[in-house]
Protein chains: 2
Amino acid sequence: MPLTGHPFVTKISRLMDMNAGNLDSLEAIMEREGTAAKRHDLIVHGAEHRDLCFVRSGYAIRYRLLRNGKRQILNVILPGDVIGFPVSFFDRATYAVVAVSNLSYSVCPLSSYVRLCYERPQFGLVLTWLAAREAAICAEHIVNLGRRTPIERLAHFLLEIHDRLLEVGCAEQTRFDLPFSQGILADVLGLSVPHLNRVMQELRAERLIVSTSRLMELPDIAGLRRLAQYQPVDLALIPAGPTAQRGL
Amino acid sequence: MPLTGHPFVTKISRLMDMNAGNLDSLEAIMEREGTAAKRHDLIVHGAEHRDLCFVRSGYAIRYRLLRNGKRQILNVILPGDVIGFPVSFFDRATYAVVAVSNLSYSVCPLSSYVRLCYERPQFGLVLTWLAAREAAICAEHIVNLGRRTPIERLAHFLLEIHDRLLEVGCAEQTRFDLPFSQGILADVLGLSVPHLNRVMQELRAERLIVSTSRLMELPDIAGLRRLAQYQPVDLALIPAGPTAQRGL
DNA sequence: CGCCCCGTTGAAATGAGTCAAGCCTTGTGG
DNA sequence: CCACAAGGCTTGACTCATTTCAACGGGGCG
């Protein structure tokens with residue numbers, strides 16, 4: 001299956017020249033296409049995992065379960081994200097991943113990707129750049145959980161998802177598909193379900209969000225940003241290397 | 001100044017063969033050595049930054065200030081860490097970095113490192129691997145802030161620092177230098193200073209830590225791990241590439 | 001010598017979690 | 001096609017962990 005239009009390609013096209021040669025090399029290492037149904041476990045905590053899964057469509061969550069039964073969601077996985085990062089870089093998975101909607105993805109073994117990096121170092125750099133982006137998102141979550149009030153947290157999270165979906169062409173200007181139950185949102189934001197519910201009502205009352213089952217609408221993005229102290233992240237470009245001159 | 005014994009080299013030696021050739025190439029791109037006094041700002045929020053600073057010795061913190069005056073510390077920077085990650089990959093710094101002890105480091109421009117990645121792709125892969133490690137640490141912080149109790153948070157954080165220092169040979173088996181004020185610890189863990197103080201007293205009362213000003217001793221690491229549900233992270237090795245065969 | 005930072009303690013206020021119940025929707029199997 | 005089950009959403013009352021505010025003491029540094 002061709003990678004044209006794959007959200008991962010959309011994403012890295014901002015960072016490197018995805019010409020025919022590069023696209024072909026990437027396509028060549030893909031081992032197979034896969035799908036997973038809602039609620040299907042993609043990675044189980046403690047298992048070995050050595051594949052990179054490039055999500056075509058659908059949503060998933062990375063999470064950790066604690067002894068006392070509490071769950072913390074580390075990150076949500078959107079189209080264009082790589083499920084194996086950073087799990088595949090460890091001996092054993094340090095957390096779990098489960099699909100929250102039906103999901104489709106392309107798979108390649110980590111070792112193949114690494115081989116590709118030796119041949120075309122740009123792919124290694126792109127991965128580093130994506131990792132930097134990931135780190136920035138992660139940092140925002142830390143600020144969220146540590147020092148923002150619940151209502152700011154929720155606002156910030158919605159803006160983040162919206163921006164990430166826009167980046168891969170999976171959202172409209174003021175609305176997007178949000179198939180997360182309140183249980184999931186609560187576990188992302190470190191809140192209890194009842195409290196999250198009340199906080200959502202506050203946002204609705206302030207006319208900052210309009211939500212109907214799976215559809216989330218943001219009629220006042222500027223207001224939300226002010227509330228959440230949200231600042232969009234702008235990845236810098238990868239400095240040009242010899243590859244560019246060699247025309248690879 | 002030679003890089004021999006540099007904690008960053010110690011760290012990446014687990015991941016790649018730091019033979020004379022690789023060591024020399026790395027040394028060649030270093031632009032200068034630097035030092036910073038305690039309390040010196042290394043990166044200011046919103047400024048441009050395009051350098052990688054490889055910390056030789058000393059401690060620093062990455063943090064974010066909110067409108068209401070609250071501060072969240074995103075991560076602490078220890079010997080062997082790279083100050084420019086991920087800040088240098090963005091147009092403008094999304095957070096600030098300040099030294100909390102006297103600090104010494106080696107500097108190279110990001111563009112030089114990228115050039116090195118084109119010549120020797122292993123350096124790019126190492127950066128990706130380190131980013132994966134960073135992401136895992138970040139994920140733990142999220143679990144900490146979102147779902148662990150204050151005493152578990154503190155225990156987890158101390159174990160993390162201890163392990164990270166051990167990795168670069170900067171800690172003893174059961175003790176290490178911890179030059180963080182309670183104000184800093186509180187802002188790492190998302191707590192208020194008075195509460196952090198009481199939580200520390202709890203840990204002391206349980207005989208899980210012994211601390212005198214800057215020295216932190218962990219007499220019962222197994223107990224601490226049990227309390228914090230701490231699991232050490234094991235980075236997998238980078239799959240071998242053609243470079244190995246070419247003997248670079 | 002005095003100042004400032006840091007650690008410590010106490011008391012009061014409050015935000016958020018827990019528990020519990022009811023309702024609505026969705027999906028499923030008879 | 002209907003009935004039931006299960007999951008998700010919403011609400012209320014209660015509890016308590018944590019923050020806030022305030023004050024004091026010690027110690028290092030200028």
Side-chain angles (χ1 to χ4, degrees), chain A residues 37-40 59 61 66-73 98-102 144-155 157 177-205 209-216, chain B residues 37-40 59 61 66 68-73 98-102 143-155 157-158 177-205 209-216 227:
Chain A
K38 183 172 172 175
R39 255 168 255 260
H40 184 259
Y59 298 70
I61 52 173
L66 264 45
R67 260 199 308 264
N68 55 16
K70 288 185 190 298
R71 171 177 74 166
Q72 177 63 43
I73 294 174
V98 65
V100 300
S101 75
N102 292 335
N144 252 2
L145 292 165
R147 293 299 186 205
R148 275 196 254 257
T149 65
I151 196 169
E152 294 166 348
R153 276 184 225 182
L154 178 54
F157 176 71
D177 180 37
L178 189 82
F180 299 143
S181 71
Q182 295 193 353
I184 289 181
L185 292 176
D187 285 345
V188 169
L189 302 175
L191 300 171
S192 65
V193 171
H195 199 60
L196 174 94
N197 184 287
R198 292 185 251 258
V199 168
M200 258 182 106
Q201 288 176 44
E202 266 189 82
L203 274 187
R204 272 195 277 258
I209 66 173
V210 179
S211 66
T212 64
S213 72
R214 286 181 55 140
L215 188 76
M216 177 63 62
Chain B
K38 183 172 170 173
R39 253 168 257 259
H40 184 259
Y59 298 69
I61 51 173
L66 265 44
N68 55 15
K70 288 186 189 297
R71 173 177 73 168
Q72 177 63 43
I73 293 174
V98 64
V100 299
S101 75
N102 292 335
V143 177
N144 252 1
L145 291 166
R147 293 300 186 205
R148 276 196 254 257
T149 65
I151 197 169
E152 292 166 350
R153 278 185 223 182
L154 178 54
F157 176 72
L158 293 174
D177 180 35
L178 189 81
F180 298 145
S181 71
Q182 295 193 351
I184 289 181
L185 291 175
D187 284 345
V188 169
L189 302 175
L191 301 171
S192 65
V193 171
H195 199 61
L196 174 94
N197 183 289
R198 291 183 251 258
V199 168
M200 256 181 108
Q201 288 176 44
E202 264 189 82
L203 274 187
R204 273 194 278 258
I209 66 173
V210 180
S211 66
T212 64
S213 71
R214 285 182 55 140
L215 189 76
M216 177 63 62
L227 171 63

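Reminder, nothing fancy here: chain letters follow the sequence lines and each chain counts from 1.
The phosphate of dT18(C) (OP1 or OP2) has a side-chain N or O of Lys70(A) nearer than 4.0 angstrom.
Aromatic ring orientation, Phe157(B) versus Phe180(B): tilted (interplanar angle from 30° to 60°).
The stretch residues 191-203 of chain B touches DNA chain D through Leu191(B), Ser192(B), Pro194(B), His195(B), Arg198(B), each having a heavy atom under 4.0 angstrom from the strand.
Residue Arg204(B) is classed as a sugar-phosphate contact, given heavy-atom separations below 4.0 Å to backbone atoms only. In this structure, Arg214(A) reaches neither bases nor backbone, as no heavy-atom distance under 4.0 Å exists between it and the strands shown.
Atom-to-atom distance recorded for Arg39(A):CZ and Asn102(A):CG is 11.0 Å, nearest 0.5 angstrom. For the atom pair His195(A) NE2 and Asn197(A) CG, the distance stands at 10.5 Å (nearest 0.5 Å).
Leu178(B) has its CG atom 14 Å from the C1' atom of dC6(C), to the nearest Å. For the pair Leu154(A) CG and dG15(C) C1', the computed distance is 17 Å after rounding to whole Å. Between the C1' atom of dA16(C) and the CD atom of Glu152(A) lies a distance of 15 Å, rounded to the nearest Å. In this structure, Arg147(A) places its CZ atom 13 Å from C1' of dT20(D), rounding to the nearest Å. Here dT28(C) presents its C1' atom at 14 Å from NZ of Lys38(A), a figure rounded to the nearest Å. With rounding to whole Å, Asp187(A) atom CG is found 12 Å from dC9(D) atom P. One atom, CG of Asn68(B), and another, P of dT20(D), lie 9 Å apart when rounded to the nearest Å. Rounded to whole Å, atom C1' of dA16(C) lies 14 Å from atom CG of Leu189(A).
Between Val188(B) and Leu145(B) the shortest heavy-atom distance is O-CD2, 4.0 Å. The shortest non-hydrogen separation linking Tyr59(A) to Ser101(A) is N-OG, 2.9 Å. Among all heavy-atom pairs drawn from Gly190(A) and Gln72(A), the shortest one is CA-OE1, 4.0 Å. Here the closest heavy-atom approach between residue Ile151(B) and residue Glu202(B) is recorded as CD1-OE1, 3.6 Å.
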